[in-house]
Each structure stands twice: as structure tokens, then as C-alpha cells.
Amino acid sequence: MVRRDLPTTLVYARSIPFIGWFAYYLLKILGIEIPRSVAIGEDFTLVHGGYGVVIHCDSVIGDRVKIYPGVVLGRADIHLSVEESKFEKNVVENDVILAAGSKVLGKVGEMRVAECTVLGANAVLLESSSPGGIWTDIPVRRIGDRDCPQNARAPMTDSE
């Protein structure tokens, strides 16, 4: 069994009846905003404690995802009310790395960060990525490819 740090333990504790709200508010005190509605897969890691991480309540995160401090998963149209927005949700597939300060901002429909994607430090992703890409800069551009880990599986489906 892999030993987890306190913030990552609290992320998983959010789904436990009765203590989930307590875990959620402890995360907020630690500077991490991950609502209880966010589905998170196995072996999720908040690297370096994840300070400053903000994740939209309509997000799904796959297995073996690493999120560094300052990452934001949200919507790009915050000037609109929730009712006016055409944004649906963010989906971060398996084996993704979101480096420090990176932003994933969905505009219309579902925003997908494809499996094995690496989003570099401070990069801003405004459109779904393709699998195995290494993305950096503002505006974001693909600078290379990443070999998927051996334990990677098929891309997530809507039922996950």
C-alpha cells in the first residue's frame, strides 16, 4: 500500500459519510478547493501538498493523476452566470500530469485532458488535448510526445 500525505488522504476522505464535510473544510484551510462532487480515481497525488489547487465542482479525474500546486480546473466563461454557460465539465483522463500553475479552462461542452497528457508549468489549456502530448506556453502548444506508462489503460468513458 502506498503511503499518502495528509492533503491526498483528505481528498479521498471527502467521500466518506459524516466526515466528508470535515475533510473538505480541512482541505480549504490548507488552501485546496476540491468539492465533494469531484470524482477522483485511484492513485491520485497532490504533489507538494497541492497548495492553491482549485477544481470545478463538475470535474472527473482519472487514475494516477498528479496535480502540482496552483493548478486550476475550471470554466473559461466566468463572466456568464452558471445558467448562461455552455460549459459542462472537465474530464482529466488517466496518467495525466498537471504541472505547477497550469490551467485547464473549459468553454463549451466537455473539456478533456486526454490520457498521458503533460501540461507544463503555467500553461493554459482552452481546448481538449490529444493523448500523450506534452503541452506548454500561453497560448498552449504541443511540444512533444510522452510514452504512456505500462500500467495505463484505455481512455475513460462517460460511465467512469
Side-chain angles (χ1 to χ4, degrees), residues 1-78 81-83 85 87-107 109-126 128-129 131-132 135 146 148-160:
M1 184 170 120
V2 176
R3 187 175 159 106
R4 295 182 179 148
D5 63 2
L6 177 63
T8 303
T9 301
L10 290 172
V11 166
Y12 284 106
R14 294 169 312 119
S15 62
I16 300 172
F18 303 112
I19 67 166
W21 282 104
F22 181 68
Y24 168 71
Y25 284 107
L26 276 176
L27 282 168
K28 286 181 76 82
I29 289 169
L30 293 173
I32 304 163
E33 176 66 33
I34 304 177
R36 295 184 70 206
S37 60
V38 176
I40 296 179
E42 298 175 10
D43 298 324
F44 171 80
T45 305
L46 279 172
V47 183
H48 304 303
Y51 183 80
V53 168
V54 177
I55 298 178
H56 190 277
C57 61
D58 293 324
S59 297
V60 177
I61 298 174
D63 298 337
R64 299 171 301 279
V65 171
K66 292 183 180 181
I67 295 182
Y68 285 76
V71 168
V72 174
L73 298 176
R75 61 184 183 103
D77 62 357
I78 61 168
S81 68
V82 173
E83 296 78 26
S85 176
F87 168 78
E88 292 174 15
K89 67 179 175 178
N90 289 308
V91 176
V92 178
E93 293 185 354
N94 302 324
D95 301 295
V96 168
I97 298 172
L98 301 176
S102 62
K103 312 296 184 246
V104 176
L105 304 174
K107 295 179 183 178
E110 182 178 281
M111 172 69 155
R112 234 173 227 281
V113 182
E115 70 172 342
C116 298
T117 293
V118 175
L119 189 57
N122 297 315
V124 179
L125 188 66
L126 298 173
S128 293
S129 69
W135 301 81
R146 174 183 179 214
C148 230
Q150 292 270 343
N151 59 351
R153 61 180 184 157
M156 294 173 55
T157 61
D158 289 335
S159 63
E160 291 186 88

(message) Between Ile40 and Arg14, is there a side-chain heavy-atom distance shorter than 4.5 Å?
(response) yes
(message) Could you check whether any side-chain heavy atom of Val113 comes within less than 4.5 Å of a side-chain heavy atom of Val65, counting everything from C-beta outward?
(response) no
(request) Answer yes when Lys28 and Glu33 have at least one side-chain N-carboxylate O distance shorter than 4.0 Å, and no when they do not. (result) yes
(request) For residues Ile61 and Ile55, determine if any side-chain heavy atom of one lies less than 4.5 Å from a side-chain heavy atom of the other. (result) yes
(request) Identify the heavy atoms of Ser37 and Cys57 that sit nearest to each other, and give their distance. (result) OG-O, 2.8 Å
(request) State the CG-CZ distance between Leu27 and Phe22, to the nearest 0.5 angstrom. (result) 10.5 Å
(message) When you compare the side chain of Arg75 with that of Val82, does any pair of heavy atoms fall below 4.5 Å?
(response) yes
(request) List the atom of Gly106, the atom of Met111, and the distance in Å for their closest heavy-atom pair. (result) CA-CB, 3.8 Å
(request) Measure across Asp77 and Ser85 and return the closest heavy-atom pair with its distance rounded to 0.1 Å. (result) OD2-OG, 2.7 Å
(request) State, to 0.1 Å, how close Val96 and Ala114 come at their nearest heavy-atom pair, and which atoms those are. (result) CG2-O, 3.4 Å
(message) What I'd like to find out is whether the side chain of Val38 reaches to under 4.5 Å of the side chain of Leu73, using heavy atoms alone.
(response) no
(message) What's the separation between atom SG in Cys116 and atom CD in Glu93, rounded to the nearest 0.5 Å?
(response) 9.0 Å
(request) Kindly compute the distance separating CD1 (Ile97) from OG1 (Thr117), expressed to the nearest 0.5 Å. (result) 10.0 Å
(request) To the nearest 0.5 angstrom, please state how far the CG atom of Leu10 sits from the OH atom of Tyr25. (result) 14.5 Å
(message) Do Asp43 and Asp63 have side chains that approach each other closer than 4.5 Å (heavy atoms only, starting at C-beta)?
(response) no
(message) As an exercise, state the distance from CG of Leu105 to CG of Leu126, rounded to the nearest 0.5 Å.
(response) 6.0 Å
(request) Search all heavy atoms of Phe44 against all heavy atoms of Tyr12 and return the closest pair with its distance. (result) N-OH, 2.9 Å
(request) Look only at the side chain of Lys66 and the backbone of Ala99, and say whether a donor-acceptor pair between them is shorter than 3.5 Å. (result) no
(message) Side chains of Leu46 and Val53, heavy atoms from C-beta outward: is any pair under 4.5 Å?
(response) yes
(request) First locate atom OH of Tyr68, then atom CG of Leu119, and finally report the distance between them rounded to the nearest 0.5 Å. (result) 12.5 Å
(request) Give a yes or no on whether the backbone of Asp5 and the side-chain of Thr8 come within a donor-acceptor separation of less than 3.5 Å. (result) no
(request) Over all heavy atoms of both residues, which pair between Pro7 and Ile32 is shortest? Give the atoms and the distance, please. (result) CB-CD1, 3.9 Å
(request) Could you tell me whether Asp95 and Arg64 have a side-chain N and a carboxylate O separated by less than 4.0 Å? (result) yes
